[in-house]
Amino acid sequence: MKAKTVLIADDDSAIRTVVSQALSRAGYAVRSTGTAAGLWRWVTEGAGDVIVTDVVLPDENAFDVLPRIKKLRPSLPVIVMSAKNTIMTAIAAAERGAYDYLPKPFDLTALVSMVGRAAQHLEVRPVTPPNTPAENLPIIGRSPIMQEIYRVIARLTQTDLTVMIEGESGTGKELVARAVHDYGKRRRGPFVAINMAAIPRELIESELFGHEKGAFTGATSRMAGRFEQAESGTLFLDEIGDMPFEAQTRLLRVLQQGEYTTVGGTQPIKTNVRIIAATHRNLRRLIDQGQFREDLFFRLNVVPIRLPPLRERIDDIPDLVRHFLAQAEREGLPRKIMPAQSVERLQAHRWPGNVRELENLIRRIAALHPEETVSAETIDRELASVASSTNPEQTDDTGGLSGYLENHLARQFASFSDGLPPPGLYHRILANVEPPLIRAALAATKGNQIKAAELLGLNRNTLRTKIRTYGIQVVRGL
């Protein structure tokens with residue numbers, strides 16, 4: 001196979017000699033020049049597979065030549081060297097389309113390795129032609145399990161039935177809810193989403209049903225609730241499993257009677273909305289634990305849709321990767337090609353964060369990795385980095401539990417595209433941690449609330465309040 005040709009441009013003859021010798025020993029054909037004009041001439045003649053150039057050349061700055069090189073030969077990788085080792089130099093190199101930036105002084109082994117990666121992308125064929133237009137689809141995936149979900153969605157668009165979407169975090173529950181709305185009879189009406197887990201417990205009823213002026217401290221004016229905002233459209237109740245028990249009672253009444261009253265109001269208000277609910281929690285288990293109303297569950301679970309985790313639909317990963325790469329490019333991130341071997345690495349991963357985790361990985365690679373072709377080694381490094389930072393520690397009652405919680409929260413933060421979960425995280429964590437802790441204490445003390453309060457270090461009245469709040473059943477003599 002013909003050796004790749006590396007074009008070197010540097011006004012320092014010693015650097016040209018050392019770099020040329022190192023690359024020649026690595027098996028490359030090398031041509032070197034001390035001027036930007038000499039480099040440009042070779043580029044216009046079609047010579048070279050990789051360029052290594054200093055920023056400051058005697059006749060022209062390489063940053064001024066770079067845009068012309070990328071316009072004439074967009075696939076030609078350019079490695080920029082500079083003794084001015086500032087973040088702005090690196091940013092300028094990236095903005096002008098450089099493959100990578102190498103600060104001086106540099107290690108020759110690192111340079112040869114970088115040239116190798118730059119040359120390699122010319123040999124790897126992408127999974128699909130690079131200019132294949134992306135379809136504007138609401139949900140991505142052609143696996144058999146997704147085809148069945150599409151069929152259910154298609155039937156739902158002709159009805160007004162209440163829908164319950166179940167699936168792990170990051171599987172795309174809101175995308176399905178939006179598809180049901182956007183292609184259904186209510187598509188001309190509003191789509192209003194509310195996350196039960198993101199709202200403080202004491203404000204949920206006000207958020208859902210609105211409140212009147214003076215209804216409570218701080219209610220200085222009337223506020224329309226989400227039911228009113230969604231009138232004639234769709235109300236998406238995300239994370240319905242986190243809805244407080246008392247709010248569940250009011251929601252059930254709305255579903256049964258088709259009307260509600262605002263907080264502080266007296267006049268019933270008729271409502272005409274389609275309800276779509278979603279949860280990542282096991283609602284039947286919550287029912288058994290007394291934390292979710294069974295009658296509300298049956299009202300919401302008219303048409304159940306289970307979204308599979310990504311590990312159950314790995315055949316969709318190539319389509320998802322193409323979609324996310326095209327999306328990243330439309331948003332101004334560098335163009336990337338994902339060869340088949342790299343996609344196979346992605347398909348072998350378990351994806352605890354599901355589609356959202358895959359999207360974040362693709363965006364991170366598009367933003368941070370200079371090579372146009374994403375190698376399998378790059379995928380391995382990224383996945384290993386995530387795994388090492390999220391491995392749960394032993395869950396004992398000292399540092400291990402703390403470590404586990406830190407890792408769990410790190411995964412939660414990573415699963416959100418903007419890096420932050422919805423507000424109210426503190427109360428959501430307490431709502432997940434306190435009930436099992438209280439139940440464990442009650443079980444250990446055979447339902448004796450005085451002993452359980454002492455065990456937990458709580459005031460007895462505080463414990464009783466929490467038992468009522470979480471709807472925990474207390475059985476003596478367990």
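Heavy-atom basis, side chains included; hydrogens, waters and symmetry copies ignored. Bear in mind that the values here come from a model prediction, so they are computed numbers and not experimental data.
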Under 3.5 Å, which donor-acceptor pairs do the side chains of residues 10-19 form with other protein atoms, sequence neighbours left out?
from: D10; atom 1: OD1; to: D12; atom 2: N; distance (Å): 2.8
from: D10; atom 1: OD2; to: K104; atom 2: NZ; distance (Å): 2.8
from: D12; atom 1: OD1; to: A14; atom 2: N; distance (Å): 2.9
from: D12; atom 1: OD1; to: I15; atom 2: N; distance (Å): 3.4
from: R16; atom 1: NH1; to: D10; atom 2: O; distance (Å): 2.6
from: T17; atom 1: OG1; to: S13; atom 2: O; distance (Å): 3.0

Any side-chain donor-acceptor pair under 3.5 Å between [X] and [Y]?
X    : Y    : answer
E382 : H369 : yes
S143 : D315 : no
N195 : E239 : no
T378 : E371 : yes

Ignoring hydrogens and angles, write down the donor-acceptor pairs under 3.5 Å from the side chains of residues 26-34, residues two or more places apart or on other chains.
from: T33; atom 1: OG1; to: T35; atom 2: N; distance (Å): 3.3

Output yes when [X] and [Y] qualify as a salt bridge under the 4.0 Å nitrogen-oxygen rule, no when they do not.
X    : Y    : value
K173 : D238 : no
R117 : E372 : no
R363 : E331 : yes
E434 : K466 : yes
R226 : E231 : no
E312 : R306 : yes
R178 : E174 : yes

Let's go through V176 and L307 carefully: what are the C-alpha distance in whole Å and the side-chain angles of both, what is the deciding distance for side chain to side chain contact (heavy atoms under 4.5 Å, CB included) to 0.1 Å, and is it a yes or a no?
CA-CA 9 Å; V176 171; L307 286 188; 3.7 Å; yes

Exceeds 12 heavy-atom contacts within 6.0 angstrom, atom CZ of R285:
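For R285, atom CZ is not crowded (no more than 12 foreign heavy atoms under 6.0 Å).
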
I'd like to check [X] versus [Y] (side-chain heavy atoms, cut-off strictly below 4.5 Å). Are they in contact?
X    : Y    : value
D100 : P77  : no
R281 : L286 : yes
L235 : H181 : no
T279 : D242 : no
V180 : T234 : no
L361 : L346 : yes
I153 : I139 : yes

Can you see which heavy atom on [X] is nearest to which on [Y], and at what distance?
X    : Y    : answer
S342 : M338 : CB-SD, 3.6 Å
R313 : G141 : NH2-CA, 3.9 Å
I240 : M196 : CA-CG, 4.0 Å
I362 : F324 : CG2-CB, 3.8 Å

Inter-residue atom distance [X].[atom1] - [Y].[atom2], 0.5 Å rounding:
X    : Y    : atom1 : atom2 : value
I314 : I317 : CD1   : CD1   : 6.5 Å
I276 : L237 : CD1   : CG    : 9.5 Å
L300 : M243 : CG    : CE    : 8.5 Å
W351 : T171 : CH2   : OG1   : 15.0 Å
R322 : I337 : CZ    : CD1   : 12.5 Å
D49  : L7   : CG    : CG    : 8.0 Å

Worked verdict on E357 versus H349 for side chain to side chain contact (heavy atoms under 4.5 Å, CB included):
CA-CA 11 Å; E357 182 186 358; H349 186 57; 3.5 Å; yes

Under the criterion salt bridge (charged side-chain N to carboxylate O under 4.0 Å, His left out), I'd like the reasoning laid out for E60 against R68: C-alpha separation, chi angles, the key distance, then a yes or no.
CA-CA 12 Å; E60 192 173 6; R68 301 203 303 271; 3.0 Å; yes

